[in-house]
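Encoded as structure tokens, the structure appears first; notes follow it.
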Amino acid sequence: MELFINLVLFSMLVVTAVAILKMRHLFAVVMLSGVFSLLCALLFVTLDAVDVAFTEAAVGAGISTVLMLGTMALTARNEKMPRDFSFIPLAVVMITGAVLIYGTLDMPDFGSATSPAQLHLATEYLKQSPSDIGVPNVVTAILASYRGYDTLGETVVVFTACVGVLMLIGNLARRRRKDEEGAE
Amino acid sequence: MTMEFILGHLNYWLFIVLMMIGFYIVVARGNYIKKIVGLNVFQVSVFMFYISIGKVEGGTAPIFPVDMNIDPNVIYSNPLPHVLILTAIVVGIATTSLGLALIVRIREEFGTIEEDEILEIESKLQLEENSTEGSSMGGRA
């Protein structure tokens, strides 16, 4: 049953991704990217990652769609006709995909309880966090406490990005106005 | 290649297929907004791949009952990939917004967000610069 749900969600994801590739109306592309994120959130739920699912739904489908719509409003609505078909990108993508699939051949089976990823740190976290921290949600316990420094680093990255965005387009409105005055 | 092997690895391959579609959008399409969307597709596929490594067969989400009476027979999925990917999602939106801001600036400078048009304008600018600087250097540059 789970495999069936996975396969259905996956085929919807592929259809969405191909539609993104083919569409030339950027509005449709941006909306489809929101759809893609929501479908991913569903897939995260089937993979037991509920925290990731709602973050993806809020950030991927919400905020990033809004940001892209804003950019679209400031730039262009349509993509130009795609340039002539060339084999080089397709070949690069095919080779990369083949190499990656070759790399997965050594990996443990999906869902196996004895794979290296499940054996060491994760069991410790699951065992210790009720007595160490006492928060029912282990993901929260790790995020905010065991790996609090990671989260601090994440905040630094977001802050840096904020500063970068402000420096790039912070005085956009002022510059626009100056341009208009200059034109008159 | 037994059936069991294929079923055990199918998930990984499916995510790699999605990843490659995203990658193709990035390298084969000239529109910058579309490139960013492709980058997002690629990124989310990597996230799904990573999360699928933490999944345990028959497991459930790593959240204990509120009264903290933990049943030792319940299997929980690995919480560590979830934490890492939560961080990655937020960092992803930060890089996306930076990319979008760059696109707005590019559009302001060049009047277009199509890659080949921008390359054309750039080469024209380069030619002009070469000719003016070339004449000032006595046509030798």
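Order of the sequence lines sets the chain letters (A, B, ...), proteins ahead of strands, with each chain counted from 1. Being a predicted model, the structure only gives us computed values, none of them experimental.
- Contacts of A:Leu121 with chain B are made by side-chain atoms alone, with heavy-atom separations under 4.5 Å and no backbone atom involved.
- Residue contact with chain B, scored on non-hydrogen atoms closer than 4.5 Å, is absent for A:Ile88.
- Listed options B:Val17, B:Leu10, B:Val41, B:Ile85 were ranked by heavy-atom pairs under 4.5 angstrom with chain A; first place goes to B:Val41.
- Ranked by heavy-atom pairs under 4.5 Å with chain A, the list B:Phe49, B:Tyr24, B:Phe23 is led by B:Tyr24.
- Side-chain contact check for A:Asp51 versus B:Leu86: some heavy-atom pair is nearer than 4.5 Å.
- Of the atoms belonging to A:Asn6, it is side-chain heavy atoms, and not backbone ones, that fall under 4.5 Å from chain B.
- The residue among B:Asn11, B:Ile21, B:Thr60, B:Ile113 with the most heavy atom pairs within less than 4.5 Å of chain A is B:Asn11.
- A salt bridge is defined here as a Lys NZ or Arg NE, NH1 or NH2 lying under 4.0 Å from an Asp or Glu carboxylate O, and A:Glu79 with B:Lys34 meets this definition.
- For B:Asn40, the part sitting under 4.5 Å from any heavy atom of chain A is the side chain, from C-beta outward, and nothing else.
- Only the side chain of A:Leu3 comes within less than 4.5 Å of a heavy atom of chain B; its backbone N, CA, C and O stay farther away.
- For chain B, no part of A:Met94 is nearby; none of its heavy atoms comes within less than 4.5 Å.
- Using a 4.5 Å cut-off between heavy atoms, A:Thr151 makes no contact with chain B at all.
- Between chain A and the options B:Ser97, B:Ala61, B:Gly111, the largest number of non-hydrogen pairs under 4.5 Å is found for B:Ala61.
- With a threshold of 4.5 angstrom between heavy atoms, A:Val45 does not approach chain B through any atom at all.
- Using a 4.5 Å cut-off between heavy atoms, A:Leu26 touches chain B through its side chain atoms alone.
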